[in-house]
Amino acid sequence: MKERRRREEAAWRGPSRALPPSSASFSFALFVFLRFALFAAVAFSTFRLFGVSFRPVLISTWPSPAMNAVSGELPLPRRDPAATLPSLQIQEAISFPDQVLLFLKSPSSLPISDLLCLYYPSSPAGGGGRPDLRLPPISSSSPDPLLVRCPLAPGGFSISLSTSLDLPPVRPRPWDHLAYAAVFDPRDNSTIVFAKGLNLRPARLSDPSRYECIFGWNFFKPRYLLTSAALSAAQEIIRCKTPLSVVLRLRHRRRSNHDPPLVSVKSKGRGSITLPSVARPDTILSRRRRRKKELSMCVCTMVRNQARFLREWIVYHSRIGVQRWFIYDNNSDDGIEQVIESMASSSNYNVTRHPWPWIKTQEAGFAHCALRARDHCEWVGFIDVDEFLHLPTDVMLHDVLRNYSRKPRVGELRTACHSFGPSGRKTIPQEGVIVGYTCRMNTPERHKSIVRPEALNPSLINVVHHFHLKDGMRYVNMDRGVMVINHYKYQAWEVFKEKFYRRVATYVADWQDEENVGSKDRAPGLGTKAVEPSDWPSRFCEVDDTGLRDWVLRAFGDPNTGVLPW
């Protein structure tokens, strides 16, 4: 058989001279040696690859280059073999209309001063290249999360930070096409996802069968993703069943010390999309349902640069019966963290700040807050920092609430809002908002609500002013002689012009937009330009109303000096 094969090979090669036996043996030995050397080289390099020289590379959870989340590890071509990994990492970058928000991961002891924002014309291949621009950040805040706000650059850019080392550049994600936050609800093992880009209509329930939630750590690998059906869909809020394996991880997260998976929303049908995601579910610390909760009245609010008014608002409402404040901070840069920390520590107010950087998301933020407050607060009010609950008959808030707590079918108290004007003021009153503004419009505008969190519809749908309730629950319009809200809406121009920056509500047009110009959310006749009318101090003054001012002077004024505590 071998002889036959040799003859066939010789036929392919043509006539040749046979090698002597000694030469054939030498050739065979040389061939074996070379094969062994090649095998050893491959084996050694493989050992190096999977041994001490192997450096794992974190890939993006999304396949689109524009959505890549870059780890803090330096690109291999630039790494010094003796260098250690940088302790500061860019976890996410989100591009907003006027700034780029960087979420950082860092040891708590690492200072974040002396940073520079670096801008690259495009994502450099392999991490090479030099930045075209270096700018100081707008602001930073820390911790939980550690944020740096950088000036906006032209489209198509990548962004990084310069510390002792230049961190790898990141392509920012767009703010308006994103699953941006999530909450795990242990009561029914559901996950609530807050997402932009679904374009659902305001104040209406949508068909949940059109959506599903996607859970996973790496969306490049569909085989390892978990999907679950949507239970409800409304506005920017999708509630889904949580897969059992994710439930177990979230319930034991503190013991395992592992990050939860990302969660996103996928639309079904033709043209289906899966939204990019930075959302990892927070877990609500659910307690066994008690017959009576420890707090009767709490308040949720969303603020941007309202630090100078916060103390008066909290001190006043504490006096009338509010026991806890949930402050959702929407990109403030006026030192609000220090104000809240000071009030919580020195004055012992139960006030907490929750960073909420997502713009045009007030409805979602209020839904998020209702979930957080549910296990602690029997009633929760949703009011702004320029709105003050006023009880004209001098009763305390808990007396009013106790009356409705006895009525199990009442889930919401709707309170009318009186809109106050500048009251002749050209500058911010030093004595505070309540004492400084005493002239208002005659007819109330809109209303705000105090709700029972247990009574809310599972969809958490709301229109800022009120929520949708469960079937069988009802709301009550409060008598203005019992409770009303003084809304100091039109203050001195220096304060009022800040409203032109951006509205926080999702479905309310910004002041600069030529849209719904006649809406009650705008100042009548003002238009869309932040230009002070010559008669501004005298506008919106139809009724002198000093009721709340007089009560505050009696209740808070120092008997010797008349000085107020704020």
Side-chain angles (χ1 to χ4, degrees), residues 60-69 91-101 103 152 155-156 170-183 190-216 219-220 222 225-240 261-282 302 330-331 356-368 459-464 502-510 513 515:
S60 167
T61 56
W62 297 98
S64 170
M67 295 298 154
N68 280 349
Q91 290 186 309
E92 301 290 349
I94 309 296
S95 181
F96 291 116
D98 53 358
Q99 60 184 258
V100 179
L101 189 64
F103 290 77
L152 193 64
V170 179
R171 289 295 296 272
R173 306 172 186 266
W175 69 278
D176 56 354
H177 186 75
L178 186 71
Y180 56 87
V183 173
S190 65
T191 296
I192 299 93
V193 186
F194 303 95
K196 281 191 171 293
L198 301 175
N199 299 321
L200 303 185
R201 300 183 68 180
R204 295 190 182 183
L205 291 170
S206 299
D207 181 4
S209 67
R210 295 168 50 200
Y211 305 96
E212 62 184 0
C213 289
I214 311 293
F215 296 81
F219 283 72
F220 271 149
L225 300 181
L226 298 173
T227 63
S228 65
L231 303 173
S232 65
Q235 299 178 161
E236 293 184 0
I237 307 170
I238 307 293
R239 185 189 287 264
C240 292
L262 288 163
V263 58
S264 186
V265 177
K266 180 181 179 180
S267 61
K268 297 181 180 180
R270 180 178 297 179
S272 65
I273 60 168
T274 301
L275 291 174
S277 177
V278 297
R280 299 182 188 273
D282 294 327
M302 188 173 291
N330 194 222
N331 295 317
W356 188 263
W358 318 110
I359 66 174
K360 304 291 287 183
T361 57
Q362 189 174 25
E363 295 89 341
F366 279 2
H368 190 279
S459 68
L460 299 175
I461 187 171
N462 68 88
V463 289
V464 176
R502 184 187 298 122
R503 309 306 295 273
V504 294
T506 308
Y507 301 99
V508 176
D510 289 342
D513 296 341
E515 182 180 345

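Numbering starts at 1 and runs along the sequence shown. Reckoned from all heavy atoms, side chains included, excluding hydrogens, waters and symmetry mates. Since the structure is predicted, the reported quantities are computational estimates derived from the model, not experimental observations.
Minimum interatomic distance between Ser264 and Pro276 (heavy atoms only, all atoms of both residues): OG-O, 4.2 Å. When all heavy atoms of Ala364 and Tyr180 are compared, the pair lying nearest together is CB-OH, 3.2 Å. Minimum heavy-atom separation, Pro261 to Pro281: O-CD, 3.3 Å. Taking both residues in full, the closest heavy atoms of Trp356 and Asn330 are given as O-ND2, 2.8 Å, listed atom of the first, atom of the second, then distance. Across every non-hydrogen atom of Tyr211 and Lys268, the tightest pair is O-CE, 3.9 Å. Minimum heavy-atom separation, Ser228 to Phe215: OG-CE1, 3.5 Å.
For the pair Ser95/Leu152, a side-chain contact is recorded, criterion being any heavy-atom separation below 4.5 Å from C-beta on. The shortest distance between side-chain heavy atoms of Ile359 and Arg502 falls below 4.5 Å. Using a 4.5 Å heavy-atom cutoff, the side chains of Leu460 and Phe366 are not in contact. The shortest distance between side-chain heavy atoms of Val463 and Gln235 falls below 4.5 Å. Looking at heavy atoms from C-beta onward, Lys266 lies in side-chain contact with Ser272 at the 4.5 angstrom threshold. In this structure, Val193 and Leu275 have side chains that are not in contact, with every pair of non-hydrogen atoms separated by 4.5 Å or more. Between Thr361 and Phe194, every side-chain heavy-atom pair lies at or beyond the 4.5 Å cut-off.
For the atom pair CD (Glu212) and CD1 (Ile238), the distance works out to 11.5 Å, reported to the nearest 0.5 Å.
Ile94 pairs by the side chain to side chain contact (heavy atoms under 4.5 Å, CB included) definition with Phe96, Phe103, Arg173, Trp175, Leu178, Val278, Trp358, not counting sequence neighbours. By the side chain to side chain contact (heavy atoms under 4.5 Å, CB included) test, Thr506 pairs with Lys196, Glu236, Glu363, sequence neighbours left out. Residues forming a side chain to side chain contact (heavy atoms under 4.5 Å, CB included) with Ser190 (at least two apart in sequence, or on another chain): Asp185, Asp188, Ile192, Leu231, Arg239.
In terms of modelled atom types and a separation under 3.5 Å, the side chain of Asn331 and the main chain of Pro357 share a donor-acceptor contact. Side-chain N or O atoms of Ser277 include one that pairs as donor or acceptor with a backbone N or O of Val263 at under 3.5 Å.
A salt bridge is absent between Lys360 and Asp176: the closest approach of a Lys/Arg side-chain nitrogen to an acidic carboxylate oxygen does not fall below 4.0 angstrom.
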